[in-house]
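Lettering of chains follows the sequences in order, A, B, ..., and the numbering in each one begins at 1.
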2 protein chains.
Amino acid sequence: MEQDRPADRKFGKTAKYPKIPEATIRRLSNYLKALDDLETKSEKVASSALIASICSVNAAQVRKDFAYFGEFGIRGMGYNVKDLRYHIKEILGTNREWRIAIIGIGNLGSALLMYKGFLKQNYKIVAAFDQDPVTVVGHISEKMGKPIEILHIDSLKEVVKARNIEIGLIATPPASAQTVAAQLVDANVKGIMNFAPTQIKVPPNVVLRNVFFTSALDNLVYYLSR
Amino acid sequence: MEQDRPADRKFGKTAKYPKIPEATIRRLSNYLKALDDLETKSEKVASSALIASICSVNAAQVRKDFAYFGEFGIRGMGYNVKDLRYHIKEILGTNREWRIAIIGIGNLGSALLMYKGFLKQNYKIVAAFDQDPVTVVGHISEKMGKPIEILHIDSLKEVVKARNIEIGLIATPPASAQTVAAQLVDANVKGIMNFAPTQIKVPPNVVLRNVFFTSALDNLVYYLSR
DNA sequence: TATTGTGAAGCCTTTCACAGCA
DNA sequence: TGCTGTGAAAGGCTTCACAATA
């Protein structure tokens, strides 16, 4: 599919993208949060120094991160908050809706199902699956205004196709995570977020990201210990 | 407090630690998960190549990461799974119990309260707070065998002291996160994990880590978009 | 023989410092 | 004047390649 890409602004339609540091992508997401807050406060313009201070990074870093994708600032002034916010969403790809399925509707799965943060972004959870939908239905509908139907995991492939789902969130117990990942891959999902505390393998054409709560705690504790 | 440190094995009691890459610490946590799995399978010995393959990293990287802290391997053989696991826990500081409070008992907070992954590690949630404990009590106790009492946020400082709590998990709506963080700091908590999707500030003597679900998704989506 | 531990090379990322510009 | 955009320097991390050794 031939389409406009954010960095076309800088590199043209045919040029190769330069390699963007993974760390830059992570920071982009933080800058976006900062800009959301600034826009809420009706701030029109923000300097790299201001953004840097909110996100606890170096100002030159902020400018360099943006400069990978184009010239978004005005010398002597700073960055237009609204425009910059638009550009970053375009770069990240969050300027369009992403349709998501959650697999495993235990405590964590239902918390994710209800997570307000997703609604504010373009992340739309359009299906929920469990191995035993009957036991969890009451659990969910009790907590929701408009209850979502919990589907049996066996219908995964069919529903992913019918509902144009591109991303799967795994929130099952660790023992089931690899099996579910394989089912998601088989259903042609393009990306997987794994919340189960175990390493899983997927083919190279599927993008996998892990969110391990205990790893984040391990990291915290390491720095507390010295 | 003068105590044995993991790296004393390598650097001696008085020597300065070398600077350990933050990335190494993150990987240590992954290696530990891999070793847990290997021990479950009754594997006695693991080579750096095996551990590397499980964690999707380079084998030299694995060896170098361990070598920051000592010589744990046997040339020609590999690493003793049980010993290595012990050493990594010692390095991370997860060889002792850490007492944790959760603040904000909505969907996410109660999911964290029930999260099985914490129990298996030395992470013990010993208090739960909310602005309005009455509305959430039923919500929690319904889901737990042994219900935990939800306390009012005003008792935070007192309870943190009484129960020797060192870490606070913020699971409130984003608007309350900064206020709660300040209360935790005031209560002399040493570390904070922030699950609320907003940047918060704490003094430099408090260790802060963020877990932003939407950031992880933003990252995934960036790579899906090209 | 097999695999660790590690110096050195290579690569990548961050920061500095200042030219360029509104 | 003030702040961006960026080349160059500095710093840090990963990988290579091989000596050390159980």
Side-chain angles (χ1 to χ4, degrees), chain A residues 6-7 9-11 16-31 34-35 38 43-81 83-85 87-88 91 219, chain B residues 6-7 9-11 16-31 34-35 38 43-81 83-85 87-88 91 219:
Chain A
R9 148 187 313 264
K10 183 157 188 179
F11 305 104
K16 283 222 180 71
Y17 279 78
K19 192 199 43 51
I20 310 292
E22 157 96 35
T24 291
I25 304 307
R26 273 201 300 274
R27 285 189 296 265
L28 245 29
S29 197
N30 284 346
Y31 300 151
L35 291 167
L38 288 168
E43 300 289 340
K44 294 278 176 277
V45 173
S47 67
S48 59
L50 174 61
I51 297 169
S53 131
I54 296 173
C55 300
S56 304
V57 296
N58 178 293
Q61 179 87 82
V62 172
R63 297 197 295 278
K64 198 136 254 193
D65 283 340
F66 296 157
Y68 281 115
F69 303 98
E71 303 201 358
F72 303 128
I74 302 156
R75 287 164 199 239
M77 290 289 278
Y79 299 87
N80 179 305
V81 171
D83 289 356
L84 184 57
R85 191 164 161 276
H87 287 306
I88 295 180
I91 293 162
N219 197 277
Chain B
R9 151 187 311 264
K10 183 156 188 179
F11 306 106
K16 281 223 181 70
Y17 279 78
K19 193 198 42 49
I20 311 292
E22 157 95 35
T24 291
I25 304 308
R26 272 200 302 273
R27 284 189 297 264
L28 244 30
S29 198
N30 285 345
Y31 300 150
L35 291 167
L38 289 169
E43 299 288 340
K44 294 277 174 278
V45 173
S47 67
S48 59
L50 173 61
I51 296 170
S53 130
I54 296 173
C55 300
S56 304
V57 297
N58 179 292
Q61 179 85 83
V62 172
R63 295 197 296 275
K64 197 135 256 192
D65 283 340
F66 296 157
Y68 281 116
F69 303 98
E71 304 200 358
F72 303 129
I74 302 157
R75 289 165 199 238
M77 291 288 279
Y79 298 87
N80 178 304
V81 170
D83 289 355
L84 183 57
R85 189 163 162 276
H87 286 306
I88 295 180
I91 293 162
N219 196 279

Test of understanding: with side-chain hydrogen bond (donor to acceptor under 3.5 Å, both in side chains), list the residues that count as partners of Arg63(A), not counting sequence neighbours. Ser48(A)

In whole angstrom, give the distance that lies between atom CD1 of Ile25(A) and atom C1' of dT13(C). 14 Å

Between protein and nucleic acid, restricted to nucleotides 20-22 of chain C and to nitrogen or oxygen atoms under 3.5 Å apart, what atom pairs and distances do you find?
| from | atom 1 | to | atom 2 | distance (Å) |
| --- | --- | --- | --- | --- |
| dG20(C) | N3 | Arg75(A) | NH1 | 3.0 |

To the nearest angstrom, how far is Asp65(A) atom CG from dT6(D) atom P? 13 Å

Applying side-chain hydrogen bond (donor to acceptor under 3.5 Å, both in side chains) to Ser47(A) and not counting sequence neighbours gives none

What is the distance from atom CG of Asp83(B) to atom CD1 of Ile74(B), rounded to the nearest 0.5 Å? 8.0 Å

From dT14(D), dC3(D), dT6(C), pick the nucleotide closest to the side chain of Tyr68(B)? dT14(D)

I'd like a list of close polar pairs between nucleotides 8-12 of chain C and the protein, N/O only, cut-off under 3.5 Å.
| from | atom 1 | to | atom 2 | distance (Å) |
| --- | --- | --- | --- | --- |
| dA8(C) | N6 | Lys64(B) | NZ | 3.3 |

Contacts of type side-chain hydrogen bond (donor to acceptor under 3.5 Å, both in side chains), residue Ser29(A), not counting sequence neighbours: Ser215(B), Asp218(B)

Integer-rounded Å distance: dT14(D) C1' and Glu22(B) CD: 16 Å

What's the shortest heavy-atom distance between Val45(A) and Met77(A), and which atoms? CG1-O, 3.6 Å

Kindly write out the residues that satisfy side-chain contact (heavy atoms from CB on, under 4.5 Å) with Ile88(A), not counting sequence neighbours, or none if the list is empty. Leu28(A), Tyr31(A), Leu32(A), Leu35(A), Phe66(A), Leu84(A), Leu92(A)

CG of Leu38(B) to CD1 of Ile54(B), rounded to nearest 0.5 Å, is 4.0 Å

So, do Val57(B) and Asp65(B) sit near enough that their side-chain heavy atoms are less than 4.5 Å apart? no

In whole angstroms, the gap separating C1' of dT15(D) from CZ of Phe66(B) amounts to 17 Å

DNA chain C contacts made by residues 48-63 of chain B, counting heavy atoms under 4.0 Å: Ser48(B), Arg63(B)

Glu71(A) CD - dC3(D) C1' separation (whole Å): 13 Å

Name all residues meeting the salt bridge (charged side-chain N to carboxylate O under 4.0 Å, His left out) criterion together with Arg75(A); count only those two or more places apart in sequence or in a different chain, and write none if there are none. none

List the atom of Ala34(B), the atom of Cys55(B), and the distance in Å for their closest heavy-atom pair. CB-SG, 3.9 Å

Tell me whether the side-chain N/O atoms of Tyr79(B) come closer than 4.0 Å to OP1 or OP2 in dG5(C). yes

Less than 4.5 Å apart, side chain to side chain, heavy atoms only: is that true for Arg27(A) and Thr24(A)? yes

